[in-house]
Amino acid sequence: WQRLRDGLARSSSSLSQGIGDIFTKRKLDAATLEELEDVLIQADLGLTMASRIAGAVGKGRYDKTIEPAEVKAIMAAEIEQVLAPVARPLEIDASKRPFVVLVVGVNGSGKTTTIGKLSAKLVGEGRKVVLAAGDTFRAAAIEQLKIWGERIGAPVVARSQGSDAASLAYEAIEQARSEDADVLIMDTAGRLQNRAELMAELEKIVRVMKKVDAEAPHAVLLVLDATVGQNAMSQVEIFGRTAGVTGLVMTKLDGTARGGILVAIAEKFRLPVHFIGVGEQMDDLEPFAARDFARAIAG
Ligand code: GDP
């Protein structure tokens, strides 16, 4: 969490500064609250959250002065209330063998890296993990997953570039079964340039998985890059509709991302948030914790 705090501190310092500027030597009134809403919207928190926080700050305090620190504390509490119900661990149901996790998201969001980190965690807990290199469009993605597999000691089911991802899915479940694996994690392509094709492919993967195991995939994780800001919102909509997303992972929160977008997404979609990515290394995946995150954003 230190890396998250450092990352968000950099970006939330403008939010913190903004709150300081608004409330220093001025009384709380409609104008100051409107300014507060503006800085919250600029921090990607979204309209609904911004007015919710402004409402909570304003309650019973009109025409009084308020310390910026108190504004931040109220803000952290409101954010925590929204995040607490969605902060949920990824539960691996051991009765499903293998427990099939499909990982979706646009290219560059951090899918492959997240799969590597998550697998390392699961292997560390003593689970047997098989990986499937389902981003069959990019040779580099297949290679990258193989490198992770080797590093962690997880077999990787892969085919050559350009092969059909859905038949790879079929093959991967069969192989994971024959190896009596606990978990199968499948990577997918994320070419948003050709949206119709991508969505058709994801639907086909899911359909084919169900032929081998009617309940598969047991979890569909959408990986979101925090640095894309508002775009993350439409990604949740698109992938949610097509792939039946069951949970979220937000990556790159160690950088310049504002993080507020995760609050806006939680408020709007109420999907479980399982993990956050705070770096490129194996152990840079943290279980999502509502209070820590809320405090880091409020600064
Ligand atoms: P994919 O195309 O969705 O599979 O994305 P990759 O896993 O290849 O990641 C794209 C880039 O983002 C790579 O350079 C990763 O090292 C980097 N990356 C992934 N997750 C994180 C993260 O949490 N923090 C940082 N700083 N970089 C990340």
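We count ligands from 1, going down the list as the structure has it; atoms in each ligand are counted the same way. The structure presented is a predicted model; accordingly, all values stated were derived computationally and were not measured.
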Peer 1: Quick one: look up the protein heavy atom nearest atom 4 (O) of ligand 1 and list residue, atom name and how far away it is.
Peer 2: Thr112 OG1, 2.6 Å
Peer 1: What residue and heavy atom of the protein are closest to atom 3 (O) of ligand 1, and at what distance?
Peer 2: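 The closest heavy atom on the protein side is Lys111 N, 2.8 Å.
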Peer 1: If the threshold is 4.0 Å, N to carboxylate O, is there a salt bridge linking Asp164 and Lys204?
Peer 2: yes
Peer 1: Check this for me: does any side-chain nitrogen of one of Lys72 and Glu67 sit under 4.0 Å from a carboxylate oxygen of the other?
Peer 2: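 The answer is no: the pair does not qualify as a salt bridge.
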Peer 1: Please work out, at 4.0 Å between heavy atoms, whether the side chain, the backbone, both, or neither of Thr114 comes within that distance of ligand 1.
Peer 2: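 It is neither part, as no heavy atom is under 4.0 Å.
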Peer 1: Where is the nearest protein heavy atom to atom 21 (C) of ligand 1: which residue, which atom, and how far?
Peer 2: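 Heavy-atom neighbour on the protein nearest atom 21 (C) of ligand 1: Gly279 O, 3.6 Å.
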Peer 1: In terms of residue, atom name and distance, what is the protein heavy atom nearest to atom 26 (N) of ligand 1?
Peer 2: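 Atom 26 (N) of ligand 1 sits closest to the protein heavy atom Asp254 OD2, 2.8 Å.
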Peer 1: Have a look at ligand 1 and work out which part of Arg138, if any, has a heavy atom under 4.0 Å from it: side chain, backbone, both or neither.
Peer 2: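 Within the 4.0 Å criterion, Arg138 contacts ligand 1 through side-chain atoms alone.
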Peer 1: Which of the numbered atoms in ligand 1 are below 4.0 angstrom from a heavy atom of Gln144?
Peer 2: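 Here the atoms of ligand 1 in question are 7 (O), 8 (O).
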Peer 1: Tell me the protein heavy atom at minimum distance from atom 7 (O) of ligand 1, and give that distance in Å.
Peer 2: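 Atom 7 (O) of ligand 1 sits closest to the protein heavy atom Thr113 OG1, 2.6 Å.
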Peer 1: Could an N or O of ligand 1 be found under 3.5 Å from any N or O of Ser109, whether backbone or side chain?
Peer 2: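 Yes.
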Peer 1: Any sub-3.5 Å donor-acceptor pair from Arg97's side-chain atoms to Asp180's backbone N or O?
Peer 2: yes
Peer 1: Considering only the protein, which heavy-atom contact is closest to atom 2 (O) of ligand 1, and what is its distance?
Peer 2: Gly108 N, 2.7 Å
Peer 1: Give the residue and atom name of whichever protein heavy atom lies nearest to atom 17 (C) of ligand 1, and the separation in Å to one decimal.
Peer 2: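 Closest protein heavy atom to atom 17 (C) of ligand 1: Glu280 OE1, 3.8 Å.
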Peer 1: Report all side-chain donor-acceptor pairs from residues 231-241 shorter than 3.5 Å, counting only partners two or more places apart or in another chain.
Peer 2:
from	atom 1	to	atom 2	distance (Å)
Ser234	OG	Asn231	O	2.9
Glu237	OE2	Lys268	NZ	3.0

Peer 1: Would you verify whether the NZ or CZ of Arg88 falls within 45 degrees of the ring axis of Phe288 while also being under 6.0 Å from that six-membered ring's centre?
Peer 2: no
Peer 1: Show me the donor-acceptor pairs within less than 3.5 Å that the side chains of residues 33-40 make with the rest of the protein, sequence neighbours left out.
Peer 2:
from	atom 1	to	atom 2	distance (Å)
Glu35	OE1	Arg26	NH1	3.1
Glu35	OE2	Arg26	NH1	3.4
Glu35	OE2	Arg26	NH2	3.0

Peer 1: Does ligand 1 have a heavy atom under 4.0 Å from the side chain of Val278, from its backbone, from both, or from neither?
Peer 2: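 For Val278, the contact with ligand 1 is made by the backbone alone.
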Peer 1: At a non-hydrogen distance cut-off of under 4.0 Å, which region of Glu286 contacts ligand 1 (side chain, backbone, both, or neither)?
Peer 2: neither
Peer 1: How about Lys27: does its NZ atom have over 12 heavy atoms from other parts shown lying under 6.0 Å from it?
Peer 2: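 Counting other residues, nucleotides and ligands, NZ of Lys27 stays at 12 neighbours or fewer.
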